[in-house]
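In what follows, a structure is listed as structure tokens, so that the remarks can point back to it.
Quick caveat: nothing in here was measured; it's all calculated off a predicted structure. Counting starts at 1 for both ligands and their atoms, in listed order.
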Amino acid sequence: MTRIAYVNGQYVPHDEAVVHIEDRGFQFADGVYEVIAVHQGKLIDEELHMERLERSLGELSIAWPISRRSMPVVMRQVVRRNRVHNGLLYLQVTRGVAPRNHAFPDHDHSSLVMTSRPTASFDKEAIAKGVDVITVPDIRWSRRDIKSISLLPNCLSKQQAVEAGAYEAWFIDNDGLITEGTACNAWIVTKDGELLSRKADSDILNGITRQSLIKLAEKEGVSFTERAFTPDEAKAAKEAFLTSTTSFVKPVVRIDGQSVGNGKAGSLTRRLLDFYGAHMDGQA
Ligand code: PMP
């Protein structure tokens, strides 16, 4: 029997079920899902799953891909077309297809996919045998050193920046220290002229631009200190800037509405931008 998947309004053979490469689920993990048990042909706790889905969508400002009232119709179709008596229904809603950009797209065409498959039927005796567990540190998500596509928090914060009329958002950790931007590394030049960037451990992505700039600063005799700084320190700094492959070395002139230095690109930042421009020209 051919498995059938539902993809954005169509029931298609499972093998041919595809989503666009710029679907934000694929690009950013910008989506939500539910898994619902099918027991003797019935969707178990369906209403609770719909309530949680509504909540998840609402929290992320993702539009219903079809009306909430239509969802059970499609869910039943997917179960029926796959002839699942005991099994699972999987559904996923993402923010849809848009050119890759962290901030939300203008449209609200969210994507919806559903699959269903049979599983072993509910076996109380087998379940009652019990299982082992192990304990692990909760690393959800404390591994920012990995350039993972799991970028949902980055998208949410970038969107917040855009809505506040800002270019970027800089994250603050539980100790009140700036980690990095949603898509860049954060730097300041303190009042005493000290060039600072946070140490590249698991709390930040070790930007390639950051690494190159550190080398260039060393080569040019600019002293550099690797340490974290607070938002207050950044606001009181002489200069601030951010680095990334797409932003290069970009001066930051205001933080939370407060001018940094004289509110213009700082002189050391401009020098570093010059070094970086020459570094790129040298490779061109
Ligand atoms: N931090 C984060 C979270 C990023 O997404 C990026 C850029 N994608 C950076 C830092 C900067 O890295 P790079 O200089 O390699 O672009």
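Atoms of ligand 1 lying under 4.0 Å from at least one heavy atom of G181, given by number and element, are 3 (C). For ligand 1, the atoms closer than 4.0 angstrom to any heavy atom of A183 are 2 (C), 4 (C), 5 (O), 6 (C), 7 (C), 9 (C). The distance from ligand 1 to the heavy atoms of T245 drops below 4.0 Å at these ligand atoms: 13 (P), 14 (O), 15 (O), 16 (O). Atoms of ligand 1 found under 4.0 Å from any heavy atom of T209, numbered from 1 in the order shown, are 13 (P), 14 (O).
Among all protein heavy atoms, the one lying closest to atom 12 (O) of ligand 1 is G207 CA, 3.3 Å. Of the protein's non-hydrogen atoms, E180 OE1, 2.6 Å is the one closest to atom 1 (N) of ligand 1. For atom 11 (C) of ligand 1, the closest heavy atom belonging to the protein is N185 OD1, 3.7 Å. Residue, atom and distance of the protein heavy atom nearest to atom 15 (O) of ligand 1 are I208 N, 2.8 Å.
Ligand 1 lies less than 4.0 angstrom from a heavy atom belonging to T182.
Side-chain contact annotation: T179 with R144, donor-acceptor N/O pair under 3.5 Å absent.
Counting heavy atoms under 4.0 Å from ligand 1, residue K147 touches it through the side chain alone.
For the pair I188/T190, a side-chain contact is recorded, criterion being any heavy-atom separation below 4.5 Å from C-beta on. Between R254 and V260 there is no side-chain heavy-atom pair separated by less than 4.5 Å.
Here the shortest heavy-atom pairing between R24 and C155 reads NH2-SG, 3.6 Å.
Under the 6.0 Å cut-off for aromatic ring centres, W187 and F224 qualify, their centroids lying closer than that.
Among residues two or more places apart in sequence or in another chain, the side-chain contact (heavy atoms from CB on, under 4.5 Å) test is passed with H20 by E22, V97.
A donor-acceptor distance shorter than 3.5 angstrom exists from the side chain of E168 to the backbone of T182, with no hydrogens or angles considered.
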